[in-house]
Amino acid sequence: MWSFISAHAPALTVIVTAVTLIVWTVYGQIMSANQRRQQKPQLFIKQAKGHGPDSICLLSNMGKESVYLRAVFIDLHDAEGECHTGSVEKQWQAQPSGAGAEAIGQGPIAPSQQLDLGPFEWLLAEAARKAGMIEAEEDLDLAHAIDAFTVTAIVTAGPYEQIVGAEHRFSVDATGPSIRADTHGTRLRASRRDARALERYLRAMTEADRRTQTTGHS
(Lines give C-alpha, C1' and ligand atoms only; values in the text may rest on other atoms or scores of the structure.)
Protein backbone atom coordinates (compact mmCIF):
# COMPACT_ATOMS: atom_id res chain seq x y z
CA MET A 1 0.00 0.00 0.00
CA TRP A 2 2.70 2.46 1.02
CA SER A 3 4.84 1.44 -1.89
CA PHE A 4 1.91 2.17 -4.24
CA ILE A 5 1.36 5.59 -2.65
CA SER A 6 5.06 6.39 -2.83
CA ALA A 7 5.24 5.35 -6.45
CA HIS A 8 2.21 7.37 -7.47
CA ALA A 9 2.56 10.28 -5.06
CA PRO A 10 2.70 13.04 -7.72
CA ALA A 11 -0.43 11.74 -9.47
CA LEU A 12 -2.30 11.28 -6.18
CA THR A 13 -1.33 14.80 -5.12
CA VAL A 14 -2.83 16.19 -8.33
CA ILE A 15 -6.02 14.16 -7.84
CA VAL A 16 -6.43 15.22 -4.19
CA THR A 17 -5.79 18.86 -5.12
CA ALA A 18 -8.36 18.67 -7.94
CA VAL A 19 -10.98 17.05 -5.71
CA THR A 20 -10.36 19.63 -2.98
CA LEU A 21 -10.71 22.44 -5.51
CA ILE A 22 -13.98 20.98 -6.81
CA VAL A 23 -15.36 20.61 -3.28
CA TRP A 24 -14.49 24.19 -2.33
CA THR A 25 -15.87 25.51 -5.63
CA VAL A 26 -19.19 23.73 -5.07
CA TYR A 27 -19.26 24.87 -1.46
CA GLY A 28 -18.57 28.45 -2.51
CA GLN A 29 -21.38 28.35 -5.07
CA ILE A 30 -23.79 26.98 -2.48
CA MET A 31 -22.83 29.70 0.01
CA SER A 32 -23.12 32.39 -2.66
CA ALA A 33 -26.54 31.12 -3.75
CA ASN A 34 -27.68 30.99 -0.13
CA GLN A 35 -26.51 34.57 0.45
CA ARG A 36 -28.31 35.79 -2.68
CA ARG A 37 -31.46 33.99 -1.58
CA GLN A 38 -31.28 35.60 1.87
CA GLN A 39 -30.76 39.05 0.35
CA LYS A 40 -33.57 38.60 -2.17
CA PRO A 41 -36.56 40.80 -1.33
CA GLN A 42 -39.54 38.96 0.11
CA LEU A 43 -42.62 41.10 -0.32
CA PHE A 44 -46.22 40.13 0.27
CA ILE A 45 -49.46 41.95 -0.50
CA LYS A 46 -52.13 40.68 1.85
CA GLN A 47 -55.75 41.26 2.83
CA ALA A 48 -56.72 41.94 6.43
CA LYS A 49 -59.89 42.62 8.43
CA GLY A 50 -62.28 40.44 6.46
CA HIS A 51 -63.18 40.17 2.80
CA GLY A 52 -65.51 43.13 2.30
CA PRO A 53 -64.71 46.31 0.34
CA ASP A 54 -63.57 47.89 3.61
CA SER A 55 -60.94 45.20 4.18
CA ILE A 56 -57.36 46.46 4.37
CA CYS A 57 -54.52 46.04 1.88
CA LEU A 58 -51.19 45.36 3.59
CA LEU A 59 -47.69 45.40 2.11
CA SER A 60 -45.28 43.25 4.15
CA ASN A 61 -41.50 43.12 3.91
CA MET A 62 -40.29 39.73 5.15
CA GLY A 63 -36.81 40.03 3.64
CA LYS A 64 -33.50 40.61 5.42
CA GLU A 65 -33.07 44.20 4.25
CA SER A 66 -35.18 47.34 4.20
CA VAL A 67 -36.89 48.33 0.97
CA TYR A 68 -38.11 51.74 -0.17
CA LEU A 69 -41.67 52.05 -1.43
CA ARG A 70 -41.79 54.08 -4.64
CA ALA A 71 -45.35 53.70 -5.92
CA VAL A 72 -48.48 51.58 -5.98
CA PHE A 73 -50.68 51.04 -9.02
CA ILE A 74 -53.71 48.91 -9.72
CA ASP A 75 -54.87 47.15 -12.88
CA LEU A 76 -58.68 47.14 -12.96
CA HIS A 77 -60.40 44.50 -15.07
CA ASP A 78 -63.99 45.39 -15.97
CA ALA A 79 -66.88 43.16 -17.05
CA GLU A 80 -65.95 43.59 -20.73
CA GLY A 81 -62.49 42.21 -20.10
CA GLU A 82 -60.74 45.54 -20.56
CA CYS A 83 -57.89 46.58 -18.27
CA HIS A 84 -57.60 50.08 -16.82
CA THR A 85 -54.47 51.09 -14.89
CA GLY A 86 -54.41 53.80 -12.24
CA SER A 87 -51.81 54.81 -9.65
CA VAL A 88 -52.62 55.55 -6.02
CA GLU A 89 -49.28 57.00 -4.96
CA LYS A 90 -48.76 60.30 -3.15
CA GLN A 91 -52.35 60.47 -1.90
CA TRP A 92 -52.18 57.99 0.96
CA GLN A 93 -52.11 60.74 3.56
CA ALA A 94 -55.71 61.58 2.67
CA GLN A 95 -57.05 58.04 2.82
CA PRO A 96 -59.59 57.33 5.56
CA SER A 97 -58.08 54.28 7.30
CA GLY A 98 -57.00 56.33 10.31
CA ALA A 99 -53.28 55.57 9.95
CA GLY A 100 -50.78 58.42 9.98
CA ALA A 101 -48.83 59.53 6.95
CA GLU A 102 -45.64 58.01 8.32
CA ALA A 103 -47.35 54.60 8.48
CA ILE A 104 -48.59 54.45 4.91
CA GLY A 105 -46.71 57.01 2.85
CA GLN A 106 -43.75 56.49 0.57
CA GLY A 107 -40.59 55.60 2.41
CA PRO A 108 -38.50 52.76 3.86
CA ILE A 109 -40.06 49.52 5.03
CA ALA A 110 -37.89 47.73 7.56
CA PRO A 111 -37.58 43.92 7.72
CA SER A 112 -40.65 42.27 9.27
CA GLN A 113 -42.59 45.54 8.93
CA GLN A 114 -45.88 45.93 7.10
CA LEU A 115 -47.59 49.03 5.78
CA ASP A 116 -51.31 49.69 5.76
CA LEU A 117 -52.03 50.89 2.22
CA GLY A 118 -55.66 51.60 3.07
CA PRO A 119 -59.09 50.04 2.47
CA PHE A 120 -59.54 48.31 -0.86
CA GLU A 121 -62.64 50.36 -1.66
CA TRP A 122 -60.61 53.56 -1.34
CA LEU A 123 -57.65 52.18 -3.33
CA LEU A 124 -59.92 50.99 -6.14
CA ALA A 125 -61.83 54.26 -6.30
CA GLU A 126 -58.58 56.26 -6.48
CA ALA A 127 -57.23 54.00 -9.23
CA ALA A 128 -60.52 54.24 -11.14
CA ARG A 129 -60.37 58.05 -11.00
CA LYS A 130 -56.78 58.09 -12.21
CA ALA A 131 -57.72 55.68 -15.02
CA GLY A 132 -60.69 57.81 -16.06
CA MET A 133 -63.32 55.20 -15.23
CA ILE A 134 -65.20 57.53 -12.86
CA GLU A 135 -65.33 61.27 -12.24
CA ALA A 136 -63.41 62.98 -9.46
CA GLU A 137 -66.30 63.07 -6.99
CA GLU A 138 -68.03 59.90 -8.15
CA ASP A 139 -68.19 56.71 -6.08
CA LEU A 140 -67.07 53.43 -7.63
CA ASP A 141 -69.81 50.82 -8.03
CA LEU A 142 -67.52 47.93 -7.15
CA ALA A 143 -70.08 45.17 -7.64
CA HIS A 144 -70.79 46.10 -11.28
CA ALA A 145 -67.70 47.95 -12.47
CA ILE A 146 -64.89 45.50 -11.68
CA ASP A 147 -64.52 41.73 -11.98
CA ALA A 148 -60.91 41.54 -10.76
CA PHE A 149 -57.91 43.73 -10.05
CA THR A 150 -54.17 43.43 -9.43
CA VAL A 151 -52.30 45.49 -6.86
CA THR A 152 -48.64 46.17 -7.70
CA ALA A 153 -46.17 47.81 -5.33
CA ILE A 154 -42.86 49.14 -6.71
CA VAL A 155 -39.90 49.30 -4.34
CA THR A 156 -36.15 49.80 -4.55
CA ALA A 157 -34.08 47.26 -2.66
CA GLY A 158 -30.46 46.56 -1.81
CA PRO A 159 -27.32 48.69 -1.96
CA TYR A 160 -27.67 49.07 -5.74
CA GLU A 161 -31.30 50.26 -5.46
CA GLN A 162 -32.69 47.43 -7.54
CA ILE A 163 -36.24 48.09 -8.71
CA VAL A 164 -38.56 45.27 -7.69
CA GLY A 165 -42.30 44.83 -8.00
CA ALA A 166 -44.72 42.78 -5.92
CA GLU A 167 -48.15 42.02 -7.34
CA HIS A 168 -51.20 40.16 -6.12
CA ARG A 169 -54.43 39.55 -8.00
CA PHE A 170 -57.84 39.76 -6.35
CA SER A 171 -61.30 38.83 -7.60
CA VAL A 172 -64.55 40.66 -6.87
CA ASP A 173 -67.70 38.73 -5.99
CA ALA A 174 -70.70 40.91 -6.88
CA THR A 175 -73.05 39.10 -4.48
CA GLY A 176 -71.43 40.80 -1.46
CA PRO A 177 -69.69 42.49 -2.86
CA SER A 178 -66.63 40.76 -1.46
CA ILE A 179 -62.96 40.69 -2.38
CA ARG A 180 -60.93 37.48 -2.48
CA ALA A 181 -57.19 37.15 -2.85
CA ASP A 182 -55.85 34.87 -5.57
CA THR A 183 -54.60 31.59 -4.08
CA HIS A 184 -51.33 31.82 -6.01
CA GLY A 185 -50.19 34.53 -3.61
CA THR A 186 -47.89 37.47 -4.26
CA ARG A 187 -45.72 37.37 -7.38
CA LEU A 188 -42.30 38.99 -7.15
CA ARG A 189 -41.22 40.88 -10.26
CA ALA A 190 -37.44 40.95 -9.93
CA SER A 191 -36.09 40.06 -13.38
CA ARG A 192 -34.24 42.57 -15.55
CA ARG A 193 -37.19 42.67 -17.90
CA ASP A 194 -39.52 43.43 -15.01
CA ALA A 195 -37.17 46.15 -13.73
CA ARG A 196 -37.16 47.87 -17.13
CA ALA A 197 -40.96 47.74 -17.32
CA LEU A 198 -41.32 49.14 -13.80
CA GLU A 199 -38.80 51.90 -14.56
CA ARG A 200 -40.84 52.89 -17.61
CA TYR A 201 -43.95 53.04 -15.47
CA LEU A 202 -42.24 55.25 -12.87
CA ARG A 203 -41.01 57.62 -15.59
CA ALA A 204 -44.48 57.80 -17.14
CA MET A 205 -45.99 58.46 -13.73
CA THR A 206 -43.49 61.28 -13.06
CA GLU A 207 -44.17 62.85 -16.44
CA ALA A 208 -47.93 62.63 -15.89
CA ASP A 209 -47.57 64.33 -12.48
CA ARG A 210 -45.43 67.05 -14.03
CA ARG A 211 -48.04 67.70 -16.74
CA THR A 212 -50.78 67.81 -14.13
CA GLN A 213 -48.84 70.35 -12.05
CA THR A 214 -48.12 72.45 -15.13
CA THR A 215 -51.79 72.42 -16.12
CA GLY A 216 -52.83 73.32 -12.59
CA HIS A 217 -50.51 76.35 -12.51
CA SER A 218 -51.51 77.61 -15.96
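- A donor atom on one side chain and an acceptor atom on the other are not found under 3.5 Å apart for Asp75 and His84.
- Note on ring orientation: taking the six-membered ring where Trp is involved, the planes of Phe120 and Phe149 are tilted (angle from 30° to 60°).
- Between the side chain of Arg129 and the backbone N or O of Asp139, no donor-acceptor pair lies under 3.5 Å.
- By the 4.5 Å heavy-atom criterion applied to side chains, Pro111 and Ser66 are counted as neighbours.
- Checked by atom type, the side-chain pair Thr150/Glu167 shows no donor-acceptor distance below 3.5 Å.
- Put simply, the side chain of Pro177 reaches to within 4.5 Å of the side chain of Pro53, judged on heavy atoms.
- With rounding to the nearest 0.5 Å, the separation of OG in Ser55 from NZ in Lys49 is 10.5 Å.
- Inter-residue side-chain proximity for Leu142 and Val172 is flagged as met; some heavy-atom pair is nearer than 4.5 Å.
- The distance from the CG atom of Leu140 to the CD1 atom of Ile134 is 5.0 Å, given to the nearest 0.5 Å.
- Closest approach of Leu198 and Gly165 over heavy atoms only: CD1-N, 3.4 Å.
- Across all non-hydrogen atoms, the minimal contact from Ala110 to Asn61 is O-ND2, 3.3 Å.
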**OP:** Verify side-chain hydrogen bond (donor to acceptor under 3.5 Å, both in side chains) between Lys130 and Ser87, making sure each step is shown before the conclusion.
**Re:** CA-CA 6 Å; Lys130 284 288 189 71; Ser87 62; 3.3 Å; yes
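- The CG atom of Leu43 sits 7.0 Å away from the CD1 atom of Ile109 when rounded to the nearest 0.5 Å.
- Shortest non-hydrogen contact noted between Leu124 and Leu76 is CD2-CD2, 3.6 Å.
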Let me have the donor-acceptor pairs involving side chains of residues 188-197, under 3.5 Å, with sequence neighbours excluded, atom names and distances please.
unit_1	atom_1	unit_2	atom_2	d
Ser191	OG	Asp194	N	3.1
Ser191	OG	Asp194	OD2	3.0

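- Using a 4.5 Å heavy-atom threshold, the side chains of Arg180 and Phe170 count as separate.
- For His77, there are no ring pair (Phe, Tyr, Trp, His ring centres under 6.0 Å) partners, not counting sequence neighbours.
- In this structure, His168 and Asp182 have side chains that are in contact, with non-hydrogen atoms separated by less than 4.5 Å.
- Contact annotation: the side chain of Leu58 approaches that of Ile56 to within less than 4.5 Å [non-hydrogen atoms, C-beta and beyond].
- Taking 4.5 Å as the limit, every side-chain heavy atom of Val151 sits out of range of all side-chain heavy atoms of Leu123.
- Heavy-atom minimum distance, Ala127 versus Val88: N-CG1, 3.7 Å.
- Nearest heavy atom pair, residue Cys57 against residue Ile45, reads SG-CG2, 3.8 Å.
- A donor-acceptor pair shorter than 3.5 Å cannot be found between the side chains of Glu161 and Thr156.
- Distance check: Glu82 CD to Met133 CE gives 9.0 Å after rounding to the nearest 0.5 Å.
- The shortest non-hydrogen separation linking Ile179 to Gly52 is CD1-O, 4.2 Å.
- Atoms CZ and CD, from Arg70 and Glu199 in turn, are 8.5 Å apart once rounded to the nearest 0.5 Å.
- Put simply, the side chain of Thr85 does not reach to within 4.5 Å of the side chain of Ile74, judged on heavy atoms.
- Taken together through direct or relayed side-chain contacts under 4.5 Å among Ile, Leu, Val, Met, Phe, Trp and Tyr, Ile154 and Phe44 form parts of separate hydrophobic clusters.
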